[in-house]
Every structure is written in structure tokens, then in C-alpha cells.
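In what follows, a structure is listed as C-alpha cells, so that the remarks can point back to it.
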Amino acid sequence: MIVVGVDGSRAGMEAVCWAAREAELRGVPLRIANAIPAWACSTAQQGPYTNVAAWMRDGAAAVLDAATERVRVEAPRVQVDTAILAGDPRPALVEAAVDADLLVVGNHGLGGFRGLLLGSVAYGVAGHAPCDVVVVREVPSAPRPEIVVGIDGSPACGKVLDFAFAEAALRGTGLRVVHAYSPLGAGGGFAPLPDDFDDESVEVRMVREALAGRRELYADVKVVEEVVRGHPVDVLRQASAGADLLVIGSQGHGEFTGLILGSVCQAMLHYATCPMAVVRAPVPTG
């Protein structure tokens, strides 16, 4: 099941359209959710705010009806249901996604400040959802048919690549595997490396080892490897411009234990110009 959060904003409706198409590709049902204050959810409430509560419930129902109609246009074969959630949309959506395969939200909604690149709901669910999250932003033109995935050699790379390959296969698009790196031995107090040391070949080998087995499993997916010297945020932003989807792990190599989101993931949530999937880091065992 895919859960998508809506609030009546244009960004929310973009998220609904994206989620509907994704549900159709995956052959799974879609749940559209809208959150209102908990006190407004009770139909038995009496008092000075009774009419306000009814107005909020009616507004939520109207938003959900409009979103459902949009799904019927975008993906008429998708099984869809709706839910009015009680409370702050961030924890409410996180709880609603407990049994979901994917949670989809717009990059910012009605409460976002003008010019803000990422809303608090999008950031909150990306950091706390129990499943993978896709943050959808409006794309000004038709995206090119390519999935871009950023990898860094961390333990989470396998799960990130699995998600990216599966998405590329579903869409029948190519996959661009991007790895950004800094030259080894460049400052930082480390001992100098031999003059003939080829740091790029080390990085290329890491990427190919990470891809081992997946090329064969997804033989129909055309893969392009891109190993680039540079900061990962700059490299990923450029590589993903105009792409169908950017896929990145929630945690990267060397992130501090307990950090909700890695620094690269945080930056790309703000600056990616295409829909972005945040793949949850594997839960440590033992």
C-alpha cells in the first residue's frame, strides 16, 4: 500500500498524481490522508467550536474527494480509499504509514512560507517515517525518462540500489548511478599517498562492486555509471536535474549515530529539482 498526504495545496495534488501513477505501476492500493486537529474530529463535540469542527471535517472531506477524483483520472484502475487523520500531520502521517510500502508528500503545503524550499511536514516525515518516503515537487517540464541514484559506499547502498533498480524497471527507464568523491589524501592530516595512486579507479571499483549481481537481475535496465570528483550535493543536484526521480539513502557514509537524516539527504531534500525518494537505512541487528 502507498499512503499519500494531502492538504488542498497544489504541491499536495502533485503528490497525489505521483502516488497514483506509482500505485498503478506497483499494482498496490492507495490511501489518501488529510490531517485536521484532534479536537475537530469528534462529531459528538458540543460547545462554541462545534461549527468550526464541522467546517474542518467538511473541508477535509472536500480535499479528499478532489484528490480521489484526480486519482480516477491519473490511474483509474488503482484501488483507493481515504482517511481523515487526527492531530499534527507529521506524526499522524508517520503513524498512518506503519503498514505502508511508501509514504508520499508534497515538498510544501498550504502552511509553507513563500519561497521556502521544503515544508516542515515533508522534512518531518522524511526523518521519521517507518517506510521509504517520496517528496514530490512540481516539475516545470516533462522529465527525462531516467532514474538517478546517489551512492557513497555505505552499508545502506544495497537497499538504495534495490529501490532504484526496481523503479527503473517499473518505468522502463534508464538508471544513472552517481558517486561523488573527494581525492584521497587531500588534506585532513593523513599521510600522503604514493604518486602513482589512482583514487578514481578505487571509486570506480567500489561502484561496480555495489552493482554486482543487480545488472544481471535487471538485465533490461540500461545503467550509466558516473563517478565524479566533487561535493555530493553539487554533483547530485546537477545529475538529477530534469530526471524522473532521484533516489538517495536517509543516512550516508560516516554520519553520526542517532542523526535522523544524513547531511547530504537533508541538503538534497531542499535543493533537488525533481521528485526525491528517501530510502530508509537498514535497521541494525544484534
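As a basis for the values below, the full set of heavy atoms in this structure was taken, side chains included, without hydrogen atoms, waters or symmetry mates. These figures come from a predicted structure and were not determined experimentally.
- Looking only at distances, a side-chain donor or acceptor of Lys159 sits under 3.5 Å from a matching main-chain atom of Arg280.
- Taking each heavy atom of Ala19 and Val4 in turn, the nearest pair found is CB-CB, 3.8 Å.
- Leu245 CG to Cys274 SG: the interatomic distance, rounded to the nearest 0.5 Å, is 6.5 Å.
- Arg72 places no side-chain N or O within donor-acceptor distance of the main-chain N or O of Val78, the cut-off being under 3.5 Å.
- Ala96 and Leu85 get closest at one heavy-atom pair: CB-CD1, 4.1 Å.
- Taking the side chain to side chain contact (heavy atoms under 4.5 Å, CB included) definition, one finds that Ala239 meets it with Val148, Val178, Glu226, sequence neighbours left out.
- Looking at heavy atoms from C-beta onward, Glu167 lies in side-chain contact with Glu22 at the 4.5 angstrom threshold.
- Residues Ser120 and Arg90 form a side-chain contact, since some pair of their non-hydrogen atoms from C-beta on lies under 4.5 Å apart.
- Side-chain atoms of Val160 and Val149, non-hydrogen and from C-beta on, do get closer than 4.5 Å to each other.
- When atom types are taken as modelled, the side chain of Arg57 and the backbone of Ala40 share a donor-acceptor pair closer than 3.5 angstrom.
- Here the side chain of Ser9 pairs a donor or acceptor atom with the backbone of Gly12 at under 3.5 angstrom.
- Hydrophobic clustering of Ile, Leu, Val, Met, Phe, Trp and Tyr side chains at less than 4.5 Å, counting indirect connections, keeps Leu217 apart from Val224.
- A pairwise comparison of heavy atoms in Ala15 and Val105 identifies CB-C, 3.6 Å as the closest pair.
- Rounding to the nearest 0.5 Å gives a distance of 9.0 Å between CE of Met206 and CD of Glu209.
- Expressed to the nearest 0.5 Å, how far CZ of Phe165 lies from CG of Leu211 amounts to 5.0 Å.
- Glu216 places a side-chain N or O within donor-acceptor distance of the main-chain N or O of Gly213, the cut-off being under 3.5 Å.
- Judged by distance alone, the side chain of Arg26 and the main-chain N or O of Leu170 form no donor-acceptor pair under 3.5 Å.
- For the pair Arg77 and Glu24, the salt-bridge criterion is met [side-chain N within less than 4.0 Å of a carboxylate O].
- Nearest heavy-atom pair, Asn34 versus Ala60, reported as atom, atom and distance to 0.1 Å: OD1-CB, 3.1 Å.
- Cluster annotation: Val223 is connected to Phe163 through the hydrophobic network of ILVMFWY side chains, with a link wherever side-chain heavy atoms come within less than 4.5 Å.
- Here the closest non-hydrogen pair linking Thr273 and Gly242 is OG1-N, 4.2 Å.
- Residues Ile151 and Ala210 approach most closely at CD1-CB, 4.2 Å, considering heavy atoms.
- Using modelled atom types, no side-chain atom of Glu74 and backbone atom of Cys17 make a donor-acceptor pair closer than 3.5 Å.
- Considering only heavy atoms from C-beta on, Val136 stays 4.5 Å or farther from Met276 through its side chain.
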* Going through the checks in order, is the side-chain contact (heavy atoms from CB on, under 4.5 Å) test met by Leu102 and Val133? -> CA-CA 6 Å; Leu102 192 66; Val133 174; 6.0 Å; no

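- You'll find the side chain of Gln251 stays beyond 4.5 Å of the side chain of Cys265, heavy atoms only.
- In this structure the side chain of Leu236 reaches within 4.5 angstrom of the side chain of Ile248, judged on heavy atoms.
- The line from CE of Met1 to CG of Asp99 is 6.5 Å long, rounded to the nearest 0.5 Å.
- If you take CG on Asp244 and CZ on Arg171, they are separated by 5.0 Å, rounding to the nearest 0.5 Å.
- With rounding to the nearest 0.5 angstrom, the CD1 atom of Ile2 is 11.5 Å from the CZ atom of Arg21.
- Linking Ile, Leu, Val, Met, Phe, Trp and Tyr residues whenever their side-chain heavy atoms come within less than 4.5 Å leaves Leu25 and Val71 in two separate clusters.
- Only one option out of Ile32, Val6, Val16, Thr82 pairs with Val63 in a side-chain contact (heavy atoms from CB on, under 4.5 Å); it is Val6.
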* Worked check of side-chain contact (heavy atoms from CB on, under 4.5 Å) between Leu93 and Val121 -> CA-CA 9 Å; Leu93 284 169; Val121 172; 4.0 Å; yes

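- Proximity of His231 to Tyr181: side-chain heavy atoms (C-beta onward) are nowhere separated by under 4.5 Å.
- The only option from Arg176, Arg205, Arg208 that meets the salt bridge (Lys or Arg N to Asp or Glu O under 4.0 Å) definition with Glu225 turns out to be Arg208.
- Leu30 has its side chain out of reach of Gln79: every pair of non-hydrogen atoms, C-beta onward, lies at least 4.5 Å apart.
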